[in-house]
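Notes follow once the structure below has been shown.
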Protein chains: 2
Amino acid sequence: MKKITIADVANQATVSKSTVSQYLNERYDYMGEETKARIKKAIEDLGYQPNIVARSLKQKSTKTIGVIVANILHTFSTEVSRSIEDVCNEEGFHTIVCNADDDPVKEKRYIEMLRAKQVDGLIIFPTGNNRELYQRMLDEKYPVVFLDRSVPDIPVSSIMLENEVASELAIDHFVEKNHRRIGLITTSIIDSITPRLERLKGYQNALKKHGIAENENYISSVAPQEVQTALDQMLGQNQPPDAILAGNDLVLMEILKYVKQKDLRIPEDLAIIGIDDVSFASFYTPTITTVAQPTFKMGKMSAELLLNKIKQNKIRDDRPDYRFKPTLMIRESV
Amino acid sequence: MKKITIADVANQATVSKSTVSQYLNERYDYMGEETKARIKKAIEDLGYQPNIVARSLKQKSTKTIGVIVANILHTFSTEVSRSIEDVCNEEGFHTIVCNADDDPVKEKRYIEMLRAKQVDGLIIFPTGNNRELYQRMLDEKYPVVFLDRSVPDIPVSSIMLENEVASELAIDHFVEKNHRRIGLITTSIIDSITPRLERLKGYQNALKKHGIAENENYISSVAPQEVQTALDQMLGQNQPPDAILAGNDLVLMEILKYVKQKDLRIPEDLAIIGIDDVSFASFYTPTITTVAQPTFKMGKMSAELLLNKIKQNKIRDDRPDYRFKPTLMIRESV
DNA sequence: CTGAAAGCGCTTACAG
DNA sequence: CTGAAAGCGCTTACAG
């Protein structure tokens, strides 16, 4: 099956390739109506579709961006990338989403592959462990936006939640409901991840604000598959916490599994708040109080920011990052 | 920031572009060790990355496939595309996932855009309403694989669940637990969708098998946002069903919302089985009996099938479709 | 063992 | 108002 090219269209319409190209790019400033009609007909007759690869090579723009999420298992990642795709679509951009799987090596490979594919820009949930690479992109003035996390000393603006506020909202609510022994469980293989650090900090500050002493046995940061053991430890203590803040959706689900298995009552035996508004929160029994991230807005903002950088070729950011406010969804688990 | 090209590398290494290209493509059959070393060094010194767009234009292969899912909101779609990506990755292919949103117009636009981008093949969850387009791809011997659904008279092989069996497993289990008034709710704007038809058929056959008369008031097919009203109607009847099979995950969630709101007991007031094994099934109260699809295997199979078609340039399928067995996950909701 | 040349399918100054 | 020519960055027969 021979592919139809612009040359075939030109022949068919008895004009030159240039003219067809002008037509395709809607530059018909001076193009004769009759010529236009002939080209239109030829394109339809032949079922011609322009080859975007060829166009990209010439124009040095693929109208495609890459998104590298740290870990696609979080609903946050899925929702944000969906919203990025929506914005891009409206602007005629395509999106290639890659999952770094919390692995800096994979992240590096994806960044390199996507750049080799000439994507026009990159939205990255940075693992944080490819500093040289990030810096190189900056030096080359390559359009990049960070999401969910920032990287110290890498001046790329990042779209982030007000993580400290997220924890604070949760702690305030716990305290209001007379809980004072409040635990925190986060998952993060990599220590220096912004949300983990900030949510921990927000938790600590909020406790202090309420005059509650911090207890290091109430704080745990482990991989998702280890949450069960962490809970065994934390709840097996003499004075166990009677409330736990789950640092993200995966932790929350692990906690719920644990609660189910041990036949604990929520909130009587254990009060729970999860950061990330999971799909089943509103119809779980009891309904689950969560701190929701504005995932849609955050995705939209990051896409717009990147597309602006791409179009205006203005790479430096006017501000370090963009923060979004979380919302406490009060339900029955506290 | 001037991009480094193969010409720069050639200069730096004082060889020709051809030789660099040979090196890049690992055709060093007769290449001198010393030449190799010089090229290697030049590439490193310059930080050269080949431009894949240029390569694609010449080689007429982008090493990218497109996936068009009918509706990304189903976990099934997400899980399957993740597994497709895994397979593709191993084979050095990239994946662009698009969401047709159950809209044939969007589906058409995506198919055309992706083909214009020269993706090497397409995995489609067909809406079913672009028959001409499907047929044209077949005529042009363009590599396509269908997933989740098949399209009558379009001989493209499709990776599908044994949908009738899925319903049958559920009905058998209901009956075993002494339910005989069994309802079915599916969502499908478009009527002729394979899974909907087959799940309905499986439901009907299974009822017959158990000597239960079919009651059309027990069957409903509506959009997700109308499930609530459908339930009001169905359960408001004189002899309402005491068990409902949810045709997919979204329906299940709507049913659970309804049950929660009306304060019904599961399974005493209403027994429930959902097709699609939702994330919270194992720790919901009660735990939810589901019919699980082997999403991972199905994604893998479809990717392998497509990559084979692409590589072997063998477009015709030896068999019409590939069916996968569902698994009943017995829990407490029946 | 390596290089010169043509070509993939477009776009874009420029000439007329 | 339209066309000839160059060029985007590669790869690939072919010649030597």
Side-chain angles (χ1 to χ4, degrees), chain A residues 1-40 42-43 46-64 92 112-113 115-120, chain B residues 1-40 42-43 46-64 92 112-113 115-120:
Chain A
M1 193 58 43
K2 172 94 175 34
K3 268 272 184 185
I4 307 292
T5 75
I6 202 170
D8 301 317
V9 176
N11 275 336
Q12 178 91 354
T14 55
V15 294
S16 74
K17 292 193 298 172
S18 327
T19 309
V20 178
S21 177
Q22 316 272 36
Y23 174 85
L24 290 173
N25 293 286
E26 303 187 355
R27 307 193 174 198
Y28 7 66
D29 304 357
Y30 299 100
M31 195 174 297
E33 281 306 324
E34 199 257 354
T35 316
K36 253 194 258 185
R38 273 214 320 275
I39 296 176
K40 182 156 184 287
I43 288 176
L46 297 169
Y48 169 71
Q49 285 278 20
N51 179 328
I52 295 190
V53 171
R55 174 181 296 169
S56 297
L57 178 59
K58 183 67 192 178
Q59 294 193 153
K60 296 171 168 305
S61 152
T62 52
K63 291 277 202 169
T64 304
E112 284 170 351
M113 278 204 65
R115 291 207 55 188
K117 285 206 155 198
Q118 313 298 117
V119 297
D120 295 341
Chain B
M1 193 57 44
K2 173 90 176 39
K3 268 273 183 182
I4 307 293
T5 75
I6 202 171
D8 301 316
V9 176
N11 274 338
Q12 177 94 351
T14 56
V15 296
S16 77
K17 292 192 298 172
S18 326
T19 308
V20 178
S21 178
Q22 316 272 32
Y23 175 86
L24 290 173
N25 292 286
E26 303 188 354
R27 307 193 174 196
Y28 5 67
D29 305 356
Y30 300 99
M31 195 174 295
E33 281 305 323
E34 200 254 356
T35 315
K36 252 194 261 187
R38 273 214 319 276
I39 296 176
K40 183 156 185 287
I43 288 175
L46 297 169
Y48 169 71
Q49 284 277 21
N51 179 328
I52 294 190
V53 171
R55 175 182 295 170
S56 297
L57 179 60
K58 184 65 193 178
Q59 293 193 152
K60 296 172 169 305
S61 152
T62 52
K63 290 277 201 171
T64 304
E112 285 170 351
M113 277 204 65
R115 291 206 55 187
K117 284 206 156 199
Q118 312 299 116
V119 298
D120 295 341

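Chain identifiers are assigned alphabetically (A, B, ...) following the order of the sequence lines, protein sequences preceding nucleic acid strands; residue numbering begins at 1 within each chain.
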Of C:dC10, D:dT11, D:dC8, the nucleotide closest to the side chain of A:Ile6 is C:dC10

Testing C:dT11, C:dC10, D:dG3 for proximity to the side chain of A:Thr5, the answer is C:dC10

Nearest-nucleotide pick for B:Ser21, side chain only, options being D:dG9, D:dT12, D:dG3
D:dT12

Return the value, rounded to whole Å, for the distance between atom CD of A:Glu33 and atom P of D:dC1.
9 Å

Ignoring backbone atoms, test whether B:Tyr48 places a side-chain nitrogen or oxygen under 4.0 Å from the OP1 or OP2 oxygen of D:dC10.
yes

Comparing nearest nucleotides in DNA chain C, the 5'-proximal residue of the pair B:Ser18, A:Ala7 is B:Ser18

Can you measure B:Ile4 atom CD1 to D:dG9 atom C1' for me and round it to whole angstrom units?
13 Å

Any B:Gln22 side-chain nitrogen or oxygen under 4.0 Å from OP1 or OP2 of C:dC1:
no

Does the side chain of B:Leu24 come within less than 4.5 Å of B:Val9's, by heavy atoms?
no

Atom-to-atom span, CG of A:Asp8 to C1' of C:dC8 - whole angstrom
14 Å

For A:Ile43 and C:dC10, give me the distance from atom CD1 to atom C1', rounded to whole Å.
13 Å

Between A:Arg38 (CZ) and D:dT2 (P), how many Å, whole number?
8 Å

Return the 5'-most residue of the pair A:Leu57, B:Lys17 with respect to DNA chain C, ranking by each residue's nearest nucleotide.
B:Lys17

Identify whether any heavy atom of A:Val53 sits under 4.0 Å from a base atom; if not, whether one sits that close to sugar-phosphate; answer base, sugar-phosphate or nothing.
nothing

Heavy-atom closest pair, residues A:Ser61 and A:Asp120
OG-OD2, 3.0 Å

Which part of the nucleic acid, if any, lies within reach of A:Thr35 when heavy atoms closer than 4.0 Å are counted: base, sugar-phosphate only, or nothing?
sugar-phosphate

If you only use heavy atoms from C-beta on, which nucleotide in D:dC10, C:dG9, C:dA4 is closest to the side chain of A:Asn51?
C:dG9

Could you check whether the side chain of A:Lys58 and the base of D:dG7 have a donor-acceptor pair of N or O atoms closer than 3.5 Å, going by distance alone?
yes

With the side chain of A:Thr19 defined as its heavy atoms from C-beta on, choose the nearest nucleotide among D:dT2, C:dC10, C:dG9.
D:dT2

Indicate, with a heavy-atom threshold strictly under 4.0 Å, whether B:Lys60 touches base, sugar-phosphate, or nothing.
sugar-phosphate

Base, sugar-phosphate, or nothing: which does A:Tyr23 touch, judged by heavy atoms less than 4.0 Å apart?
nothing

Closest non-hydrogen atom pair, B:Ala10 against B:Ser16:
CB-C, 3.8 Å

Write down the partner of C:dC1 under the Watson-Crick or G-U wobble criteria, each distance required to be under 3.5 Å.
D:dG16

Let me spell it out: for each of B:Pro50 and A:Thr14, pick the nucleotide of DNA chain D with the closest heavy atom. Which residue's pick is nearer the 5' end?
A:Thr14

Could you pull out the closest heavy-atom pair between B:Lys117 and B:Thr62, with the gap in Å?
O-CG2, 3.8 Å

Note: B:Thr5 and B:Tyr48 closest approach over all heavy atoms is C-CE1, 3.6 Å

For a quick test of reading the model, state the closest non-hydrogen atom pair linking A:Lys40 to A:Tyr23 and the distance between them.
CB-OH, 3.4 Å

